[in-house]
Amino acid sequence: MAEYRPEEIETKWQRVWEERQIFRAVDDPGRPKYYVLEMFPYPSGRIHMGHVRNYTIGDVLARYKKMRGFNVLHPMGWDAFGLPAENAALRHGVHPADWTYDNIDYMRRQLRRLGFSYDWTREFATCDHEYYRHEQLFFIQMLERGLAYRKKTLVNWCPSCHTVLANEQVEDGTCWRCGTEVTQREMEGWFFRITAYAEELLEGLKRLQGKWPEKVLTMQRNWIGRSEGAEIEFPLEGLSEKITVFTTRPDTLYGVTFISLSPEHPLAEKLAEDSGLRAEFEAFRQRCRRQRREIEEGVAEKEGLFLRAYAIHPLTGERVPIFAANFVLMEYGTGAVMAVPAHDQRDFEFAKKYGLPIKVVIRPPEGDLDPETMEAAYEDPGVMVNSGPFSGLPSEEGKQKIVEHLENLGVGRRRITYRLRDWGVSRQRYWGCPIPVVYCERCGVVPEKPENLPVKLPLNAQLDEAGRSPLPQLESFVKTRCPRCGGPARRETDTFDTFVESSWYFLRFACPDAREPLDRERVHYWLPVDQYIGGIEHAILHLLYARFFTRVLRDLGYVQLDEPFERLLTQGMVIKEPYRCPRHGWIYPEEVSPEGTCLKEGCGEKVIVGRPEKMSKSKCNVVDPDEMIRRYGADTVRLFMLFAAPPEKDLEWSDRGIEGAHRFLKRVYQLIMNRADKLREVSPYTGDGKDLSPELRALRRKTHQTIRRVTRDLEERLHFNTAIAAVMELVNFIEDTLKEVPEETPGFRSVLKESLRAVVLLLSPMTPHICEELWSALGEERLVSEASWPEWDEEVAREEEITIVVQVNGRVRDNLRLPADADEETVKRAALSSERVRRHLEGKTLRKVVFVPGRLINFVAG
RNA sequence: GCCGAGGUGGCGGAAUUGGGAGACGCGCUGGAUUCAGGAUCCAGUGGGGAUACCCCCGUGCGGGUUCGAGUCCCGCCCUCGGCACCA
């Protein structure tokens with residue numbers, strides 16, 4: 001009995017792959033390429049099961065496409081800048097650089113041990129200055145084109161991370177990384193003009209339909225938040241200025257009874273001062289800033305401050321009072337809103353609170369509205385009333401008509417606004433890419449000269465104990481000369497948001513050694529990424545930034561590409577149920593007795609089993625990949641990851657499940673190794689099958705059907721779980737055949753060889769090591785990793801006899817084995833001769849016969 | 001509240017196009033092997049009734065279309081995810 005020793009086999013073949021460099025991607029414009037990419041990891045220390053799942057899926061695809069003859073690019077690198085490195089440095093007294101590179105070394109070993117088919121010659125880390133220097137150049141060029149700019153605004157500040165966050169990085173008012181509540185601060189910082197691409201980013205989503213998960217497309221669409229409407233000007237009474245509002249409901253213009261301004265609106269401050277309300281206004285504005293979170297969640301009560309000023313309605317000439325209101329956001333539209341209480345719920349609530357008039361201008365299709373008794377705003381379409389010459393128009397039509405009228409008068413125009421805001425990229429952090437500008441006393445803000453790049457992040461920095469960036473205190477870094485006038489200047493000490501690095505790494509993988517930022521030809525050959533794989537948590541953040549950055553680089557002339565990722569697979573999380581003891585809190589599975597009681601300190605309390613959730617250290621429900629590899633080998637871990645669930649769903653970790661996967665591999669190993677000697681010299685069957693026994697013909701049929709099924713599962717759906725199930729069925733079938741068919745049967749060995757070769761080939765992208773071993777045991781000279789994917793023969797796969805289901809009134813009563821091409825008459829005759837069928841037809845009149853060739857026959861009787 | 005995905009045995013999950021519901025695996029039950037346990041192998045395994053042939057019920061709930069519905073249509077319930085004073 002051959003014994004399956006995964007560790008031995010796996011390290012052996014990993015060495016062979018390494019020595020022969022078989023996964024090296026070489027540009028070859030004559031061959032069709034396939035670029036598989038998994039989202040690169042942050043080098044946090046060790047890989048977790050989520051990585052294993054993500055990278056296993058990618059690896060299967062890369063290996064499969066290689067077998068299909070594609071020139072495959074499958075690279076790996078490190079998203080190496082970021083805050084955890086600084087935190088670790090504080091805790092353990094190691095420099096972020098050392099910590100990061102050590103982690104990379106460890107994690108690279110882990111990935112190699114899993115046998116992933118990366119082209120390691122293309123590896124890089126984003127904290128290498130040879131990588132980020134190019135990013136600095138991009139920035140300078142964006143600056144020249146106005147795609148990067150500096151401004152002072154209210155920003156999201158995480159007090160725990162000591163840094164600013166982009167809107168995309170604030171989740172429910174808290175920091176996406178540490179969960180601390182985010183506060184508002186007025187600060188200067190650098191921004192990327194992603195809003196200039198809002199329409200294109202939205203439009204581009206259409207071409208991704210069917211290739212990206214619908215969910216991700218929807219999330220991006222909502223995030224960009226396009227809305228069509230109009231800008232309308234309201235002159236101020238007694239002043240030369242005017243207020244410009246944005247509205248999506250120009251049809252309700254005649255219903256305006258007041259104007260609401262954001263407290264951050266410049267005119268709000270001015271009007272307050274003019275009215276002698278300076279102190280009150282300032283207090284109100286401060287309160288609004290503090291309330292920001294509640295305001296954004298919509299839980300804060302509406303509050304306003306009458307500015308004792310009036311605007312003039314552009315059509316009716318009426319005076320409308322102006323308020324500063326806490327719910328009006330300066331960042332959206334124009335920061336000013338025309339309030340129509342009758343037809344907007346927010347304005348309605350505000351009007352009720354401050355006793356402002358409610359004027360109905362839209363009548364519902366049925367019934368009428370009475371401002372006195374209304375309990376909520378009527379926001380649906382209807383017919384315009386009390387609207388001067390526009391009365392009587394359907395509101396949808398009225399929108400157009402009013403805007404046209406305003407355009408003619410020159411006091412309004414059609415306008416589209418987006419919810420998307422510009423991307424704030426300044427971070428007050430040390431471990432990031434320096435922003436290459438200096439502040440010169442004479443010249444102001446000056447970009448570094450391209451030939452002076454990179455602006456290297458100094459590695460001699462002493463980290464601040466409070467967790468602040470040491471850069472501003474680092475004289476040798478800060479003190480510099482102006483690239484323009486040579487005079488004394490101060491260096492920018494903010495670094496880039498680390499999402500900037502991950503916005504273009506997939507391009508650099510095409511030419512990691514290029515001296516220029518990107519080699520147009522090589523990028524053109526390899527890009528777009530044909531299949532991108534990663535977690536859903538980046539549905540907006542990374543994926544939106546990357547789509548934006550790719551377009552920027554296109555406009556800067558570096559690439560000829562709009563969408564970087566042709567297909568996207570968002571894999572589910574790896575989850576596991578946590579255990580909790582009423583006395584000890586979260587406990588490890590080892591601390592639970594078979595009876596379900598707590599073993600900690602002889603506790604004995606009944607343990608509560610939580611519902612499966614994302615693995616986390618604090619819940620004690622993590623499974624360590626190293627431990628699993630040690631116990632079962634990489635192939636088993638990979639197999640389980642693929643088999644337990646389809647990739648887009650969450651995968652529930654199961655100790656029993658991985659045992660099952662291991663058991664299957666042991667069975668396959670023994671099935672083949674125990675016969676390998678006898679089969680080595682045998683050629684796979686090539687005849688037409690006429691000389692074979694029915695059992696052997698059946699085995700060939702099953703084999704070819706399996707090849708067909710696995711190919712379709714991998715090609716069309718990426719459903720590895722059903723592909724594996726199909727191979728398991730084939731293995732079961734082979735074992736059954738071996739039991740029934742004597743070895744001397746003519747053709748036995750060659751048919752067996754054909755089937756076993758298929759098993760090995762079909763499994764090889766998923767469990768490559770064991771398959772190399774079995775492949776060579778079967779006498780193959782080449783590596784299975786370099787073999788061609790097997791093909792199926794429709795003729796062989798076709799069933800000679802099929803089962804026809806016989807129904808009476810839609811209920812199954814019998815089934816018949818008949819030749820595949822049996823016609824209706826034959827089937828009918830056979831079915832009616834069945835005793836079981838006759839019994840159910842007895843005493844009834846046959847009304848109708850439904851015949852589905854090759855499937856079923858249904859007798860309708862009554 | 002709005003948008004999206006989903007609800008199938010004890011569990012993870014299958015089911016091309018409307019055509020035998022529950023593939024494959026886990027678990028469980030019985031048996032073989034063993035001094036014993038483990039491992040392995042064999043058989044069974046949706047529920048109920050009969051325990052022989054068979055019959056009835058069954059894919060969140062209620063209706064509908066159809067010879068036939070897990071699959072299509074209408075109305076609800078629940079779970080998960082995203083968005084949510086964006087004018």
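Per chain, numbering begins at 1; letters A, B, ... match sequence-line order.
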Using the [atom1] atom as the reference point in each nucleotide, state the distance between [N] and [M] in Å, no decimals.
| N | M | atom1 | value |
| --- | --- | --- | --- |
| A69(B) | G20(B) | P | 11 Å |
| A23(B) | U8(B) | C1' | 13 Å |
| G7(B) | C76(B) | C1' | 14 Å |
| G10(B) | G63(B) | P | 24 Å |
| G46(B) | U29(B) | C1' | 16 Å |
| C55(B) | U71(B) | P | 25 Å |
| C57(B) | G62(B) | P | 15 Å |
| G13(B) | G22(B) | C1' | 10 Å |

Side chain of [X]: nearest nucleotide among [options]?
| X | options | value |
| --- | --- | --- |
| V850(A) | C3(B), C56(B), G19(B) | G19(B) |
| V860(A) | C55(B), C67(B), C83(B) | C67(B) |
| R839(A) | C54(B), A23(B), A87(B) | C54(B) |
| F246(A) | C55(B), C67(B), A87(B) | A87(B) |

Hey, what are the protein-to-nucleotides 20-22 of chain B N/O distances that come in under 3.5 Å?
| from | atom 1 | to | atom 2 | distance (Å) |
| --- | --- | --- | --- | --- |
| G20(B) | N2 | N815(A) | ND2 | 2.9 |

Run the ring pair (Phe, Tyr, Trp, His ring centres under 6.0 Å) test against [X] and tell me which residues pass, sequence neighbours left out.
| X | answer |
| --- | --- |
| F284(A) | none |
| Y545(A) | W423(A), F499(A) |
| F348(A) | none |
| Y418(A) | none |

With both distances kept under 3.5 Å, what pairs with U17(B), Watson-Crick or G-U wobble?
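Check on U17(B): unpaired, no WC or wobble geometry under 3.5 Å.
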Name the pairing partner of C53(B), where a pair is Watson-Crick or G-U wobble with both distances under 3.5 Å, or state none.
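Matched C53(B) with nothing under the 3.5 Å cut-off.
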Atom CD of E715(A) and atom C1' of U16(B): how far apart are they, to the nearest Å?
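Those two atoms, CD and C1', are 16 Å apart.
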Spacing between E214(A) atom CD and C83(B) atom C1', to the nearest angstrom
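Going from CD in E214(A) over to C1' in C83(B) covers 15 Å.
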State plainly whether the residues R289(A) and E264(A) are in salt-bridge range, i.e. N to O under 4.0 Å.
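Salt bridge: yes.
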Heavy-atom donor-acceptor pair, N858(A) side-chain to C67(B) base, under 3.5 Å:
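Answer yes: a donor N or O sits under 3.5 Å from an acceptor.
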For [X], give me all partners under salt bridge (Lys or Arg N to Asp or Glu O under 4.0 Å), at least two apart in sequence or on another chain.
| X | result |
| --- | --- |
| K614(A) | none |
| K848(A) | none |
| R611(A) | none |

Does the separation of the ring centres of F664(A) and F643(A) fall below 6.0 angstrom?
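No; F643(A) has its ring centre 6.0 Å or more from that of F664(A).
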Test: salt bridge (Lys or Arg N to Asp or Glu O under 4.0 Å). Region: residues 648-668 of chain A. Which pairs qualify, not counting sequence neighbours?
R667(A)-E735(A)
When every nucleotide of nucleotides 9-15 of chain B is labelled 5' to 3' by its protein contacts under 4.0 Å (heavy atoms), B for base, S for sugar-phosphate only, - for none, what sequence of letters results?
---SSSS
Tell me what R419(A) touches on the nucleic acid: a base, only sugar-phosphate, or nothing, going by heavy atoms under 4.0 Å.
base
Grab the N/O contacts between the protein and nucleotides 40-46 of chain B below 3.5 Å, and write none if there aren't any.
| from | atom 1 | to | atom 2 | distance (Å) |
| --- | --- | --- | --- | --- |
| C42(B) | OP1 | K739(A) | NZ | 2.8 |

With a 3.5 Å cut-off and no angle check, do the side chains of Y332(A) and S227(A) form a donor-acceptor pair?
yes
D814(A): which residues meet the side chain to side chain donor-acceptor pair (under 3.5 Å) condition with it, sequence neighbours left out?
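By the side chain to side chain donor-acceptor pair (under 3.5 Å) rule, D814(A) matches S834(A).
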